[in-house]
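The structure under discussion appears below in the form of structure tokens.
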Amino acid sequence: MKPVQQETHSGVQFIEVFEENCDQRLDNFLIAKLKGVPKSRIYRIVRKGEVRVNKGRVDVKYRLKEGDVVRIPPIRVAETENDAFVPQSLRHSLEHDILYEDDVLLVLNKPSGFAVHGGSGLDSAVIEGLRQLRPAAPFLELVHRLDRDTSGCLLIAKKRSALRKLHELFRGDDIQKTYLAVLAGRWARKKLVVTAPLQKNVNKGGERMVEVSRSGKEAETFFRRIKLLPNATLVEASPKTGRTHQIRVHAAWLGHPIIGDERYGDFEVNKAFKKMGFKRMFLHAYRLEFVHPVTGQRLQITAPVPKLMEALINNNDDD
């Protein structure tokens with residue numbers, strides 16, 4: 001059943017910009033404020049000069065400054081009640097699986113099976129669900145992304161100033177990310193640094209694929225074997241760079257793809273594990289280590305190993 005839509009007619013709005021929206025582009029600011037208004041309409045009213053900043057005309061790319069006053073003209077807005085459906089399992093995680101939270105950031109133990117942000121064909125996603133459950137929160141933005149089927153530590157900023165600083169940490173080498181992965185087969189090595197460059201491509205079906213290529217971008221992942229299992233290997237994977245699907249592609253390049261990886265994995269191996277009840281991709285963002293953007297305190301946040309992943313490791317115990 002589709003949610004009920006209502007239309008309201010609002011007068012001219014004058015909105016002062018505070019720290020939370022400082023350095024945000026005007027178009028993104030308006031899209032957030034005018035929910036239900038098509039983006040094409042928003043760009044049109046800016047282009048026509050109906051939107052003003054400090055009484056002057058600006059471009060949609062203008063970055064807001066603290067103290068700016070944005071004039072938004074009367075505009076018909078489609079308000080959607082319950083505009084995003086949040087499944088109960090995701091709702092439970094958003095309410096009960098917060099690993100760390102303070103005034104400027106939070107770390108969620110993201111469940112497998114949910115995209116971090118909405119997109120074409122997606123009914124629900126983590127950040128949209130979080131915003132719906134916290135309507136009074138002035139600012140909630142993803143600091144980084146995890147693949148839909150990856151679980152674990154997901155960092156979210158609650159202030160724009162924190163988002164900028166955390167992005168700087170990610171661009172440098174100041175956030176240490178440690179993943180746990182269960183690879184197909186028994187990996188003979190104990191440690192290995194993979195430096196195979198990665199190239200993004202799109203296949204005939206329009207699916208985004210990443211492959212090892214000499215013409216690709218620099219990528220580095222450190223793999224450390226934790227435990228040999230009869231037909232699998234538990235490893236730690238620490239990416240030095242943050243390329244799309246990096247750990248998944250590097251694992252497949254090793255000849256030991258991640259179990260349950262439908263895109264880069266082994267079809268027959270995945271099929272065999274599915275028959276045993278293991279139907280997810282076994283990649284988990286286990287730990288984040290970084291310096292708090294405000295206090296300077298060094299944080300180490302760990303996400304508990306998911307029960308299904310734990311069951312796979314224990315059921316295949318080679319000890």
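Computed from a predicted structure; not experimentally measured. Positions are given from 1 along the sequence.
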### Task
Evaluate the ring planes of Phe223 and Trp187, with Trp represented by its six-membered ring, and classify them as parallel (under 30°), tilted (30 to 60°) or perpendicular (over 60°).
perpendicular
### Summary
dist Ser112:OG -> Leu283:CG (nearest 0.5 Å) comes out at 9.5 Å
### Summary
Distance col, row Asp68:CG vs Asn54:CG, nearest 0.5 angstrom, shows 4.5 Å
#### Entry: Under 3.5 Å donor-acceptor, Asn201 side chain and Val210 backbone
no
### Query
More than 12 non-hydrogen atoms from neighbouring residues, nucleotides or ligands closer than 6.0 Å to CD on Glu101, yes or no?
yes
### Message
Within 45 degrees of the ring normal and closer than 6.0 Å to the centroid, is that where the cationic atom of Arg280 sits relative to Phe282?
### Response
yes
### Task
Identify whether Met209 and Leu254 are in the same connected component of the hydrophobic contact network (ILVMFWY, side-chain heavy atoms under 4.5 Å).
yes
### Message
Just so I know, are the side chains of Pro111 and Leu90 near enough to count as touching, which here means a heavy-atom distance under 4.5 Å?
### Response
yes
### Query
Should the pair Asp147-Arg248 be classified as a salt bridge under the 4.0 Å nitrogen-to-oxygen rule?
yes
### Message
Treating Thr241 as the side-chain partner and Arg243 as the backbone partner, does any N or O pair qualify as donor plus acceptor under 3.5 Å?
### Response
no
### Query
For Ala137, which residues count as a side chain to side chain contact (heavy atoms under 4.5 Å, CB included) partner, sequence neighbours excluded?
Arg134, Leu140
### Task
Taking atom types as modelled, find out whether Asp27 and Tyr62 have a side-chain donor-acceptor pair closer than 3.5 angstrom.
no
### Query
Of all heavy-atom pairs between Ser238 and Thr178, which one has the smallest distance, and what is that distance?
OG-OG1, 3.9 Å
### Query
Do His117 and Arg145 have side-chain heavy atoms sitting under 4.5 Å apart?
yes
### Query
Tyr286 versus Val305: any side-chain heavy-atom pair under 4.5 Å?
yes
### Same apolar cluster: Phe222 and Val235, side chain cutoff 4.5 Å
no
### Query
Between the side chains of Thr221 and Gln246, is a donor N or O closer than 3.5 angstrom to an acceptor N or O?
yes
### Task
Verify, without hydrogens or angle tests, whether Ser151 (side chain) and Ala285 (backbone) share a donor-acceptor contact under 3.5 angstrom.
no
### Query
Shared ILVMFWY cluster between Val193 and Tyr179, side chains joined below 4.5 angstrom?
no
### Task
Using a strict cut-off of less than 4.0 Å between a Lys/Arg side-chain nitrogen and an Asp/Glu carboxylate oxygen, indicate whether Glu50 and Arg57 qualify as a salt bridge.
no
### Message
For a 4.5 angstrom cut-off between non-hydrogen side-chain atoms, does Val69 reach Val53?
### Response
no
### Query
Going by atom types alone, do Glu211 and Gln199 pair a side-chain donor with an acceptor below 3.5 Å?
no
### Task
Kindly indicate whether the side chain of Lys33, heavy atoms from C-beta on, has any atom under 4.5 Å from the side chain of Ile15.
yes
### Message
So that I know where these two stand, are His245 and Tyr264 an aromatic pair - ring centroids less than 6.0 Å apart?
### Response
yes
### Task
From the options Leu163, Leu105, Leu106, Val143, select the one residue that forms a side chain to side chain contact (heavy atoms under 4.5 Å, CB included) with Ile156.
Leu106
### Task
Take Arg287 and Ile301, measure what side-chain contact (heavy atoms from CB on, under 4.5 Å) needs, and give me the verdict at the end.
CA-CA 6 Å; Arg287 187 169 58 242; Ile301 300 164; over 6 Å; no
### Message
If hydrophobic clusters are built from ILVMFWY residues whose side chains come within less than 4.5 Å, do Leu166 and Val291 share one?
### Response
no
### Message
As an exercise, state the distance from CZ of Arg224 to CG of Leu192, rounded to the nearest 0.5 Å.
### Response
14.0 Å
#### Entry: Residues Ile259, Phe278; criterion side-chain contact (heavy atoms from CB on, under 4.5 Å); working and verdict
CA-CA 9 Å; Ile259 290 172; Phe278 302 117; 5.7 Å; no
#### Entry: Set of side chain to side chain contact (heavy atoms under 4.5 Å, CB included) partners for Lys279, sequence neighbours left out
Lys274
### Message
Pair Leu133, Glu95 - check side-chain contact (heavy atoms from CB on, under 4.5 Å), show working.
### Response
CA-CA 8 Å; Leu133 294 180; Glu95 291 175 341; 4.1 Å; yes
### Query
Between Ala162 and Pro293, what is the shortest heavy-atom contact and its length?
CB-CG, 4.3 Å
### Message
Is any side-chain heavy atom of Arg41 closer than 4.5 Å to one of Ile75?
### Response
yes
### Query
Taking 4.0 angstrom as the limit, do Arg225 and Glu236 come out as a salt bridge?
no
### Query
Taking atom NZ of Lys190 and atom CG of Leu228, what is their separation to the nearest 0.5 Å?
9.5 Å
### Query
So, Asp102 and His292: side-chain donor and acceptor under 3.5 Å apart, yes or no?
yes
### Message
Quick one: does any side-chain atom of Asp149 pair with a main-chain N or O of Asp261 as donor and acceptor, under 3.5 Å?
### Response
no
### Query
Which heavy atom in Pro197 sits nearest to a heavy atom in Arg214, and how many Å separate them?
CG-CA, 4.2 Å
## Note on the structure
Output for pair (Lys39 NZ, Asn28 CG), nearest 0.5 Å, gives 8.0 Å
### Query
Do Phe290 and Phe170 sit in the same hydrophobic cluster, where Ile, Leu, Val, Met, Phe, Trp and Tyr count as joined when their side-chain heavy atoms come under 4.5 Å apart?
yes
### Query
Is a donor on one side and an acceptor on the other found under 3.5 Å between the side chain of Lys110 and the backbone of Phe114?
yes
### Query
How far does NZ of Lys240 sit from NZ of Lys177, to the nearest 0.5 angstrom?
11.0 Å
### Query
If you count the non-hydrogen atoms of other residues, nucleotides and ligands that lie under 6.0 Å from CZ in Arg298, is the total more than 12?
yes
#### Entry: Any side-chain heavy-atom pair of Leu30 and Val51 under 4.5 Å
yes
### Task
Kindly determine whether Val182 and Thr233 satisfy side-chain contact (heavy atoms from CB on, under 4.5 Å), including the steps that lead there.
CA-CA 6 Å; Val182 183; Thr233 307; over 6 Å; no
### Validation row: Leu312, Leu229 side chains within 4.5 angstrom (heavy atoms)
no
